[in-house]
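Okay, so here's the structure we're looking at.
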There are 4 protein chains.
Amino acid sequence: MAVPTDAPARAKGRPRNAATDHAILEATRSALAELGWGGLTMGHVAQRAGVAKTTLYRRWPSKNELVVDAVAVLFDDLEMTDLGSLRADIEAVVQRFAALLSRPETQAAMLALFAEGTRDPLLRQRIRESIVDPQKRLVHQGRANAQARGELPRDIDEAAARQEVDIIFDTIAGAVEHRILVSGEPACEQWISRFTTLLLAPLAALSTGHP
Amino acid sequence: MAVPTDAPARAKGRPRNAATDHAILEATRSALAELGWGGLTMGHVAQRAGVAKTTLYRRWPSKNELVVDAVAVLFDDLEMTDLGSLRADIEAVVQRFAALLSRPETQAAMLALFAEGTRDPLLRQRIRESIVDPQKRLVHQGRANAQARGELPRDIDEAAARQEVDIIFDTIAGAVEHRILVSGEPACEQWISRFTTLLLAPLAALSTGHP
Amino acid sequence: MAVPTDAPARAKGRPRNAATDHAILEATRSALAELGWGGLTMGHVAQRAGVAKTTLYRRWPSKNELVVDAVAVLFDDLEMTDLGSLRADIEAVVQRFAALLSRPETQAAMLALFAEGTRDPLLRQRIRESIVDPQKRLVHQGRANAQARGELPRDIDEAAARQEVDIIFDTIAGAVEHRILVSGEPACEQWISRFTTLLLAPLAALSTGHP
Amino acid sequence: MAVPTDAPARAKGRPRNAATDHAILEATRSALAELGWGGLTMGHVAQRAGVAKTTLYRRWPSKNELVVDAVAVLFDDLEMTDLGSLRADIEAVVQRFAALLSRPETQAAMLALFAEGTRDPLLRQRIRESIVDPQKRLVHQGRANAQARGELPRDIDEAAARQEVDIIFDTIAGAVEHRILVSGEPACEQWISRFTTLLLAPLAALSTGHP
DNA sequence: CACTAAACGAGACGGTACGTCAAGTCTTAAG
DNA sequence: CTTAAGACTTGACGTACCGTCTCGTTTAGTG
């Protein structure tokens with residue numbers, strides 16, 4: 001005698017423990033920092049989180065997705081501030097990005113994810129959606145602030161503005177990543193200052209009308 | 001380094017087959033391109049190269065070193081040409097670098113090596129020595145050409161010149177890598193042109209004497 | 001036993017669905033026949049019976065008890081008939097027993113239960129009480145019939161009679177089981193006839209007074 | 001420089017350690033006796049034998065085959081002796097068979113194997129070939145001895161003799177197994193004597209020419 | 001009639017063992 | 001001393017069931 005319930009989304013069965021998610025992600029981050037990507041095993045994470053291995057697999061299909069989620073939150077801390085000048089704003093955000101990239105768990109996670117992403121288009125998409133693209137907001141906001149201050153000309157073409165954001169984003173992110181992750185040298189204050197100088201030149205040029 | 005080819009001291013027993021080295025490195029590259037880092041197994045490489053696993057381990061201590069050697073040679077093709085203008089030279093070398101980074105085996109190998117490098121300082125050093133730093137010659141040579149043409153001022157301070165090379169190198173390499181490997185979008189002609197423009201502004205500024 | 005049907009004490013809450021018991025036992029038998037003991041999982045039985053796993057465990061403490069109950073009922077069909085002669089009666093009952101043992105679910109269940117019984121004395125006891133010993137009634141009744149017809153002498157000693165029943169039971173049951181389950185050959189009419197002959201000899205000898 | 005080796009099958013690579021086989025089989029038997037079939041895990045056996053799990057799987061495809069091999073040797077001890085009379089010979093061999101069946105590892109192994117055999121025809125065949133059928137030699141030899149002594153008539157028909165051996169074998173093996181494994185009662189001296197009496201009657205009858 | 005207590009489904013959960021795979025080492029015989 | 005072949009130890013993998021638990025939902029009888 002089936003009584004059709006019109007409940008839209010009935011959660012059946014025992015509900016998942018929400019705290020478990022946090023415990024797992026936290027365990028993932030700490031294990032990642034200590035052991036690196038290669039040393040990160042699902043069994044290990046489960047043990048650290050005080051959770052059965054099956055529980056991990058019930059929530060994340062693989063190590064990749066788990067680490068994406070575990071790492072993504074780290075980037076939420078990046079914020080664009082308005083310090084009154086474009087140079088100051090750029091230096092501040094670069095400094096924060098560099099600090100983030102200097103943390104061991106970020107290093108291990110980022111490059112390992114990028115590496116896996118070269119093989120798995122879906123993973124690459126997830127990485128872009130969850131981690132990379134959201135950071136473009138920093139460039140958008142920085143430009144908006146500078147435009148409000150009159151340091152940069154207003155956007156005329158929407159598409160051109162997006163292209164410019166993309167290229168600036170690739171340049172900043174790429175340079176800092178290469179400096180820290182590949183060259184393995186710190187992004188010290190001096191380096192940031194010099195890099196900002198390098199970056200400001202074309203922006204200034206743009207603002208004065210040169211192609 | 002892991003491949004002692006030139007024999008200063010005459011070996012006693014059966015000599016190594018030199019062709020084996022090439023077969024192994026070639027097998028490594030093709031396996032890497034097809035299967036990615038995770039799918040690359042020593043047993044697999046050995047089988048492809050028609051060689052026993054023992055032979056691999058006798059010549060390279062681990063997968064990392066093997067891949068470094070297998071990939072390093074790809075970068076030897078990068079050459080700086082003198083096309084008569086700094087813009088043309090930059091565009092040409094960026095185009096070649098982008099083409100190299102678009103090849104699947106390069107993608108898989110580079111990021112995987114960088115990822116491993118974040119965990120293993122010795123490996124990072126080997127990567128820098130074998131792969132990364134040698135490419136700085138391109139920046140050096142490009143600057144020298146431009147200086148010879150009078151497009152850039154002569155170096156005054158040796159140390160300052162090296163710093164400038166470093167920051168330009170990090171910027172170019174980082175931006176192209178981020179564009180292709182992380183953002184996953186091609187470095188098309190238009191992008192290269194725009195990026196070169198961005199890059200030329202500060203160089204031009206430098207040439208006019210600004211710090 | 002694990003299925004308390006008659007309710008001496010009035011249950012308070014929602015009463016159990018009696019049909020569920022039958023559905024579960026039927027599902028157990030069919031799953032057993034198809035998948036064998038090793039392939040029989042509680043989750044599977046539950047699914048087949050259209051029932052939650054919890055419901056199974058609420059009614060039977062373990063797979064063992066469930067299978068005992070599921071299989072025991074099969075043996076209720078065995079009946080001793082009075083066909084007018086001891087030989088005919090023995091052949092008839094052996095034939096029925098052989099037919100029962102030829103059914104796949106009986107085979108899988110019986111041997112699996114016996115196997116588990118070697119490890120778990122309580123289970124062995126349950127098996128004997130629910131399945132094995134009840135069949136001794138067949139031997140008892142067969143002897144009684146034969147005695148009524150004068151084919152066998154009356155019992156003098158109660159204990160001796162029980163011993164004789166035991167040994168005849170072990171012999172008949174064991175031989176048929178070994179033939180079908182171990183040797184894996186059918187108990188055809190000819191085999192039954194020959195085996196009955198073998199069995200009648202000592203009974204005849206007993207009837208003529210030998211110890 | 002062909003050196004003609006007359007070795008029929010040249011073993012390449014590192015040869016298997018023969019002692020490992022014995023260690024594994026011994027570990028299997030002892031684990032079986034202590035933990036029973038259900039408690040017997042491949043990992044456990046490997047650990048006991050001081051061997052990696054993979055080594056087990058390299059040599060035996062599954063638990064079944066391993067246990068067959070481990071148990072089969074136990075039956076090699078059964079021997080038919082010539083004690084001068086058919087009764088004595090039967091009692092002796094039944095006693096030995098009963099003793100063998102009383103050992104815990106034999107109990108756990110036999111019934112579990114028979115149980116698995118009901119599902120897997122190939123396994124059943126292996127069991128018959130390795131364990132069951134070889135024991136028929138005992139019946140053959142016992143008959144031969146008795147014939148030599150004149151206690152039993154000579155065989156006339158080869159096929160009939162084989163059928164007789166089969167039925168005697170099923171009866172003896174089945175009765176003892178049922179007594180010990182199913183009924184769970186010991187095959188004491190008295191039981192053996194009574195069972196032998198039961199068995200001798202038809203044999204005597206046969207020897208006097210009855211069908 | 002509403003209340004109550006058990007039955008019930010669904011599925012999360014901590015475990016244990018599975019059988020497979022690759023890493024890197026070791027052992028043999030052949031060159 | 002190199003090489004090919006393959007045995008070997010180790011350890012993680014992802015899966016399958018286990019038996020328990022925690023929910024929300026029936027469903028009868030009773031207060």
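As the structure is a prediction and not an experimental result, all values here were calculated from the model. Labels below follow one simple rule: chain letters A, B, ... track the order of the sequence lines, proteins then strands, and each chain is numbered from 1.
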Between [N] atom [atom2] and [X] atom [atom1], what is the distance in whole Å?
{"X": "D21(A)", "N": "dA12(E)", "atom1": "CG", "atom2": "P", "answer": "12 Å"}
{"X": "E65(B)", "N": "dG24(E)", "atom1": "CD", "atom2": "C1'", "answer": "14 Å"}
{"X": "L66(A)", "N": "dA12(F)", "atom1": "CG", "atom2": "P", "answer": "17 Å"}
{"X": "W37(B)", "N": "dA22(E)", "atom1": "CH2", "atom2": "C1'", "answer": "14 Å"}
{"X": "I24(D)", "N": "dC8(F)", "atom1": "CD1", "atom2": "C1'", "answer": "11 Å"}
{"X": "R16(C)", "N": "dG9(E)", "atom1": "CZ", "atom2": "C1'", "answer": "15 Å"}
{"X": "K12(D)", "N": "dT3(F)", "atom1": "NZ", "atom2": "P", "answer": "16 Å"}
{"X": "R58(A)", "N": "dG14(F)", "atom1": "CZ", "atom2": "C1'", "answer": "13 Å"}

### Message
If the threshold is 4.0 Å, N to carboxylate O, is there a salt bridge linking R59(B) and D69(B)?
### Response
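A salt bridge is absent here (no side-chain N lies under 4.0 Å from a carboxylate O).
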#### Entry: Short N-O contact, R126(A) and E116(A), less than 4.0 angstrom
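Salt bridge between R126(A) and E116(A), a charged N being under 4.0 Å from a carboxylate O: no.
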Is there a donor-acceptor pair under 3.5 Å between the side chain of [X] and the backbone N or O of [Y]?
{"X": "R29(D)", "Y": "A70(D)", "answer": "yes"}
{"X": "S130(D)", "Y": "I127(D)", "answer": "no"}
{"X": "T28(B)", "Y": "I24(B)", "answer": "yes"}
{"X": "K53(B)", "Y": "H44(B)", "answer": "no"}

### Query
Do K63(C) and W37(C) touch side chain to side chain, with heavy atoms closer than 4.5 Å?
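A side-chain contact exists here, since the closest heavy-atom pair is under 4.5 Å.
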### Task
Tell me which of G43(C) and Y57(A) sits closer to the 5' end of DNA chain F, going by the nucleotide each one is nearest to.
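Between the two, 5'-proximity favours Y57(A).
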### Query
Taking OP1 and OP2 of dC8(F), is either one under 4.0 Å from a side-chain nitrogen or oxygen of R59(D)?
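Answer is yes, contact under 4.0 Å.
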### Message
So, OP1 or OP2 of dT26(F): does either fall under 4.0 Å of a side-chain N or O from R14(C)?
### Response
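Result: no.
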### Task
Hey, which sits more toward the 5' end of DNA chain E by its nearest nucleotide, L40(B) or H44(D)?
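Counting from the 5' end, the first nearest nucleotide belongs to H44(D).
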### Nearest-nucleotide comparison on DNA chain E, the residue closer to the 5′ end among K63(D) and M42(B)
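Its nucleotide being nearer the 5' end, the pick is K63(D).
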### Task
Specify the residues of residues 46-56 of chain A, ordered by number, for which at least one heavy atom lies under 4.0 angstrom from an atom of DNA chain E.
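Hits under 4.0 Å, by residue number: G50(A), V51(A), A52(A), T54(A), T55(A).
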